[in-house]
> 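Structure in structure tokens, see below.
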Amino acid sequence: MSGAGDVITILPVSECWDLMKGVSLGRLVTSVDGRPQIFPVNFAVQRRTILFRTAEGTKLVSTAMNNQVLFEVDDHNATEGWSVIVQGRARSLRTDEEIEEAERAQLLTWTATEKTHFVRIRPDMITGRRFRFDLPRPPEPVQ
């Protein structure tokens with residue numbers, strides 16, 4: 001879907017999953033008291049779902065009260081960047097089987113706070129884009 005001159009390329013879903021597997025920081029977008037909120041979370045991809053851990057608090061409560069969420073992941077280097085947005089449903093894992101499976105993802109927390117709850121996002125829709133950064137042209141010589 002892109003040509004040599006395209007600055008923005010729409011990514012196939014399979015490439016979106018591959019890109020998300022290569023990073024570990026994303027952003028959970030949910031609603032708290034009817035207002036959008038965004039939370040950075042470290043995550044893992046497991047069986048084409050997004051998995052993250054959290055403590056008791058706003059993220060856990062907001063995903064329980066309004067399970068429709070967005071999850072955004074991106075990365076870049078000097079010449080290009082990409083962004084993937086997952087629209088889906090979040091659910092706190094409760095059964096022993098669900099928790100055992102989540103623990104196999106070896107998702108470690110980044111902070112010393114205890115995060116005993118696993119939340120899984122099952123996607124309804126995934127969109128991704130790759131962006132090529134145009135490098136500035138060198139100045140033309142003065143004649």
Side-chain angles (χ1 to χ4, degrees), residues 1-140:
M1 180 160 206
S2 68
D6 288 349
V7 176
I8 299 173
T9 304
I10 305 299
L11 301 175
V13 172
S14 60
E15 188 172 351
C16 291
W17 283 114
D18 290 342
L19 289 168
M20 287 190 293
K21 288 178 189 175
V23 296
S24 59
L25 181 66
R27 290 164 213 80
L28 172 70
V29 181
T30 186
S31 178
V32 177
D33 294 329
R35 300 179 71 126
Q37 298 290 318
I38 189 165
F39 303 97
V41 294
N42 64 303
F43 73 99
V45 170
Q46 188 180 52
R47 292 184 307 103
R48 292 204 170 216
T49 66
I50 304 294
L51 182 68
F52 67 92
R53 296 176 78 147
T54 188
E56 297 280 338
T58 306
K59 281 182 278 195
L60 186 63
V61 170
S62 68
T63 56
M65 294 177 67
N66 177 18
N67 71 345
Q68 295 294 316
V69 299
L70 294 175
F71 195 80
E72 194 268 342
V73 183
D74 58 44
D75 200 7
H76 73 281
N77 59 34
T79 59
E80 68 178 18
W82 58 266
S83 173
V84 173
I85 297 175
V86 177
Q87 295 179 28
R89 294 162 280 117
R91 189 173 78 74
S92 182
L93 305 185
R94 303 219 182 269
T95 69
D96 291 342
E97 294 85 14
E98 289 173 324
I99 293 168
E100 286 173 15
E101 180 184 21
E103 286 175 343
R104 286 193 291 273
Q106 299 181 338
L107 179 59
L108 303 174
T109 61
W110 286 6
T111 60
T113 58
E114 191 171 347
K115 297 184 177 184
T116 58
H117 301 278
F118 285 98
V119 176
R120 185 176 305 280
I121 300 172
R122 296 198 182 278
D124 295 323
M125 187 166 82
I126 299 174
T127 57
R129 288 174 173 71
R130 185 178 303 278
F131 309 94
R132 192 188 78 223
F133 305 144
D134 286 330
L135 300 176
R137 294 181 183 168
E140 294 191 22

> Verify side-chain contact (heavy atoms from CB on, under 4.5 Å) between I50 and V45, making sure each step is shown before the conclusion.
CA-CA 5 Å; I50 304 294; V45 170; 4.3 Å; yes
> If you compare all heavy atoms of I126 against all heavy atoms of V13, which two are closest, and at what distance to 0.1 Å?
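The answer is O-CG2, 4.0 Å.
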> Side-chain contact test, heavy atoms from C-beta onward, threshold under 4.5 Å: evaluate it for F39 versus Q37 and give yes or no.
yes
> Checking E103 now: which residues fulfil salt bridge (charged side-chain N to carboxylate O under 4.0 Å, His left out) with it, not counting sequence neighbours?
none
> How long is the straight-line distance from CZ of R53 back to CG of L93, given to the nearest 0.5 Å?
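Rounded to the nearest 0.5 Å, the CG-CZ separation comes out at 11.0 Å.
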> Would you mind reporting whether F52 and I121 have side-chain heavy atoms less than 4.5 Å apart?
yes
> Between A90 and V119, which heavy-atom pair has the shortest distance, and what is it?
CB-CG1, 3.9 Å
> Can we say E72 and R27 salt-bridge, meaning some charged N sits less than 4.0 Å from an Asp/Glu carboxylate O?
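Judged by the 4.0 Å cut-off on N to carboxylate O distance, E72 and R27 do form a salt bridge.
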> With side-chain hydrogen bond (donor to acceptor under 3.5 Å, both in side chains) as the test, would you mind laying out the steps for R104 and Q46 before giving the verdict?
CA-CA 9 Å; R104 286 193 291 273; Q46 188 180 52; over 6 Å; no
> Might you point out which heavy atoms bring L25 and V73 nearest each other, and give the distance in Å?
O-CG1, 4.1 Å
> Is the shortest heavy-atom distance from the side chain of M125 to the side chain of P123 under 4.5 Å?
no
> Considering non-hydrogen atoms only, spot the tightest contact between S83 and D74 and give its length.
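That would be CA-CB, 4.0 Å.
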> Return the CD1 to CZ distance between I10 and R129, rounded to the nearest 0.5 Å.
4.0 Å
> Please find the pair of heavy atoms, one from M20 and one from W82, that lie closest to each other, and give the distance.
N-CH2, 4.3 Å
> Please round to the nearest 0.5 Å and tell me the distance separating atom SG of C16 and atom NZ of K21.
12.0 Å
> Any chance CG of N77 has more than 12 other-residue heavy atoms, nucleotides or ligands included, within less than 6.0 Å?
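Check passes, neighbour count above 12.
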> Any non-hydrogen side-chain atom of T127 less than 4.5 Å from a side-chain atom of V84?
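Answer no - side chains too far apart.
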> Which class fits the ring pair F71 and F43: parallel under 30°, tilted 30 to 60°, perpendicular over 60°?
perpendicular
> Atom CD of Q68 and atom CZ of R89: how far apart are they, to the nearest 0.5 Å?
7.0 Å
> May I ask you to say whether E101 pairs ionically with R47, meaning some side-chain N is under 4.0 Å from a carboxylate O?
yes
> I need the L11 CG to L19 CG distance, nearest 0.5 Å.
6.0 Å
> Taking atom CD1 of I99 and atom NE2 of H117, what is their separation to the nearest 0.5 Å?
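Going from the CD1 atom of I99 to the NE2 atom of H117 covers 9.5 Å.
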> Just wondering, do V86 and L70 contact through their side chains at under 4.5 Å, heavy atoms?
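Sidechains of V86 and L70: no contact.
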> Under the side chain to side chain contact (heavy atoms under 4.5 Å, CB included) rule, collect the residues that match up with D96, sequence neighbours excluded.
E100
